[in-house]
Amino acid sequence: MMADNVNQLSAEQLKEVNRQMTLYRQGVQDIIPPEELENKIARSLLTGVPLKIKLGLDPSAPDVHLGHTVVLNKMRQFQDNGHIIQLLIGDFTGKIGDPTGKSVARKPLTDEEVSHNAKTYFEQFSKVLDMKKVELHYNSSWLAKLNFEEVIKLASKITVARLLERDDFDERMALHKPISVHEFFYPIMQGYDSVVLENDIELGGTDQHFNILMGRHFQEKEGKEPQVALLMPLLEGLDGNDKMSKSKNNYIGIDEKPTDMYGKTMSLPDHLMIKYFQLITDLSPKEVDSIAKGLESGERHPRDEKMRLARTITRMYHGAEAAQHAEQQFISVFREGNLPKYVTTVVWEGEEHVRITELLVILNMLPSKSEARKMIENNGVKLSGETVKSPHDTVTIQDGLIIQVGKRKTVRLARA
């Protein structure tokens, strides 16, 4: 079928297939199988029928950071090419809990938690996707209607041996840790979601490899054309090692202030720059390739390209003017010698909002509130480059907030 579709294409259509394939391959860990993706794109061009691209969401962590946008940016590429985005909210499966990567079963979510988290997702996803052109689905619409006989028939289409191929199940069995029967039903239900939606492609992180292949399995069992699995790599956080995560305090949130977003990006290890360009920016594959070659040859300076990365990310979420302002502030604070080369980072475990005089005393930057007031009145205290005007100001603690007292004392705060 693939050969027939491709052979029917005009030269212009074949060029378009190659363009889309180049775009979709950018930053992707694996396409299973790539020839089927090419075939589906060719069919779409021949028939004029857009492809259906599915992303399943288990709304358990509503705070979206740049690690989440790896998949969202790839979906935006499909959306920009006229394909249909299907966001599937696992309001039914979310109450069961995805065991992926877990050594124990997840705590089920309540209806209220699922509803709140889903709403938060939509608001934040609108910064990446055109939500007016997105199909929204809730899998309770079909899963809650299955009777027990239908569930048994569905379960009969997969073997226990196949389910135990999941790494997390295999590891838990080896360690003699319990696996509840209901956990086996999570990948089964996720596979059935693809049967109902009849999607052509499903996207997810590499940790969703098994679950997404379940979609292919059950679509084939139901006599439908199997979906293509498009797996995106997991994005390391600012520490350069662990997966970006709020719990690891190594993340950049998409709702952060422009100056914080820019400054955090500039703290990224150099070796991750190209990966970030590939996975979370809107630069074309050609532009990213040019940057990579320039860095490798020495024609481009890592500092300049990291500033381009910070400017691009900030522009994507706050606009060009805010990105330019954030860059100018960064240059003023960091590159013009207003900060020492090495800055002590202090993990903040206190309240989110605190009076500036109290903060300076807590951080041992000044011995008393009266001394703090005097320093502020003499314009000797700055927050991320901005001079504090009043000792009565209240500070909102944010990751990356830089506090300067005089020319010798500087601290960077990190949220616990």
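Counting from 1, the numbers follow the sequence of the chain as shown. Keep in mind that this is a model prediction, so the values were computed, not measured.
Qualifying salt bridge (charged side-chain N to carboxylate O under 4.0 Å, His left out) partners for Arg311, counting only residues two or more places apart in sequence or in other chains: Glu327. Under the salt bridge (charged side-chain N to carboxylate O under 4.0 Å, His left out) criterion, Lys389 pairs with no residue at all, not counting sequence neighbours. Among residues two or more places apart in sequence or in another chain, the side-chain hydrogen bond (donor to acceptor under 3.5 Å, both in side chains) test is passed with Asn81 by Arg19, Tyr24. In this structure Asp30 satisfies the salt bridge (charged side-chain N to carboxylate O under 4.0 Å, His left out) test with no other residue, sequence neighbours excluded. Under the side-chain hydrogen bond (donor to acceptor under 3.5 Å, both in side chains) criterion, Lys257 pairs with no residue, sequence neighbours left out. With sequence neighbours excluded, no residue forms a side-chain hydrogen bond (donor to acceptor under 3.5 Å, both in side chains) with Asn18. For Ser390, there are no side-chain hydrogen bond (donor to acceptor under 3.5 Å, both in side chains) partners two or more places apart in sequence or in a different chain. Shown here are the salt bridge (charged side-chain N to carboxylate O under 4.0 Å, His left out) partners of Lys15, two or more places apart in sequence or in another chain: there are none.
Distance check, rounded to the nearest 0.5 Å: CG of Leu366 to CZ of Arg373 gives 11.5 Å. Going from atom CE of Met189 over to atom NE2 of His182 covers 8.5 Å, rounded to the nearest 0.5 Å. The CG atom of Leu359 sits 5.0 Å away from atom CD1 of Ile397, with the distance rounded to the nearest 0.5 Å. To the nearest 0.5 Å, atoms CD1 (Ile201) and NZ (Lys52) are separated by 12.5 Å. Distance check: Leu66 CG to Ile280 CD1 gives 4.5 Å after rounding to the nearest 0.5 Å. Atom-to-atom distance recorded for Leu383:CG and Leu401:CG is 5.5 Å, nearest 0.5 angstrom.
Around the CE atom of Met173, the shell of radius 6.0 Å holds no more than 12 heavy atoms that belong to other residues, nucleotides or ligands. Residue Lys221 places its NZ atom among 12 or fewer non-hydrogen atoms of other residues, nucleotides or ligands, all under 6.0 Å distant. The local environment of NZ in Lys133 is sparse, with at most 12 non-hydrogen atoms from other residues, nucleotides or ligands closer than 6.0 Å.
We find that Asp289 and Lys293 are joined by a salt bridge, their nearest charged nitrogen and carboxylate oxygen being less than 4.0 Å apart. Using a cut-off of 4.0 Å between Lys/Arg side-chain N and Asp/Glu carboxylate O, Glu305 and Arg308 are scored as salt-bridged. Between Glu165 and Arg162 there is a salt bridge, since at least one side-chain N of the basic residue sits less than 4.0 Å from a carboxylate O of the acidic one. Checked for salt-bridge contact, Glu225 and Arg43 meet the test: a charged N lies under 4.0 Å from a carboxylate O. A salt bridge links Glu36 and Arg216; the closest N-O separation between the charged side-chain nitrogens and carboxylate oxygens is under 4.0 Å.
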Name each donor-acceptor pair under 3.5 Å that joins a side chain in residues 314-321 to protein atoms two or more places apart or in another chain, with its distance.
{"residue": "Thr314", "atom": "OG1", "partner": "Ala310", "partner atom": "O", "Å": "2.7"}
{"residue": "Arg315", "atom": "NH1", "partner": "Asp282", "partner atom": "OD2", "Å": "2.6"}
{"residue": "Arg315", "atom": "NH2", "partner": "Asp282", "partner atom": "OD1", "Å": "3.1"}
{"residue": "His318", "atom": "NE2", "partner": "Glu256", "partner atom": "O", "Å": "2.7"}

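Here the side chain of Ser44 pairs a donor or acceptor atom with the backbone of Val49 at under 3.5 angstrom.
Residue pairs meeting the ring pair (Phe, Tyr, Trp, His ring centres under 6.0 Å) criterion with at least one partner in residues 209-254, sequence neighbours excluded, are absent. Applying the side-chain hydrogen bond (donor to acceptor under 3.5 Å, both in side chains) test to residues at least two apart or on different chains, the pairs with a partner in residues 358-368 are Ser368-Ser370. For the ring pair (Phe, Tyr, Trp, His ring centres under 6.0 Å) condition, the pairs that include at least one residue of residues 257-284, sequence neighbours left out, are Tyr262-Phe330.
Residues Thr259 and Gln329 have side chains that never bring a donor and an acceptor to within less than 3.5 angstrom of each other. With no hydrogens or angles considered, no side-chain donor-acceptor pair links Gln278 and Lys275 at under 3.5 Å. Using modelled atom types, one finds no donor on one side chain facing an acceptor on the other under 3.5 Å when comparing Asn379 with Thr387. A donor atom on one side chain and an acceptor atom on the other are found under 3.5 Å apart for Ser290 and Arg300.
Ring planes of Tyr121 and Phe125: tilted class, angle from 30 to 60°.
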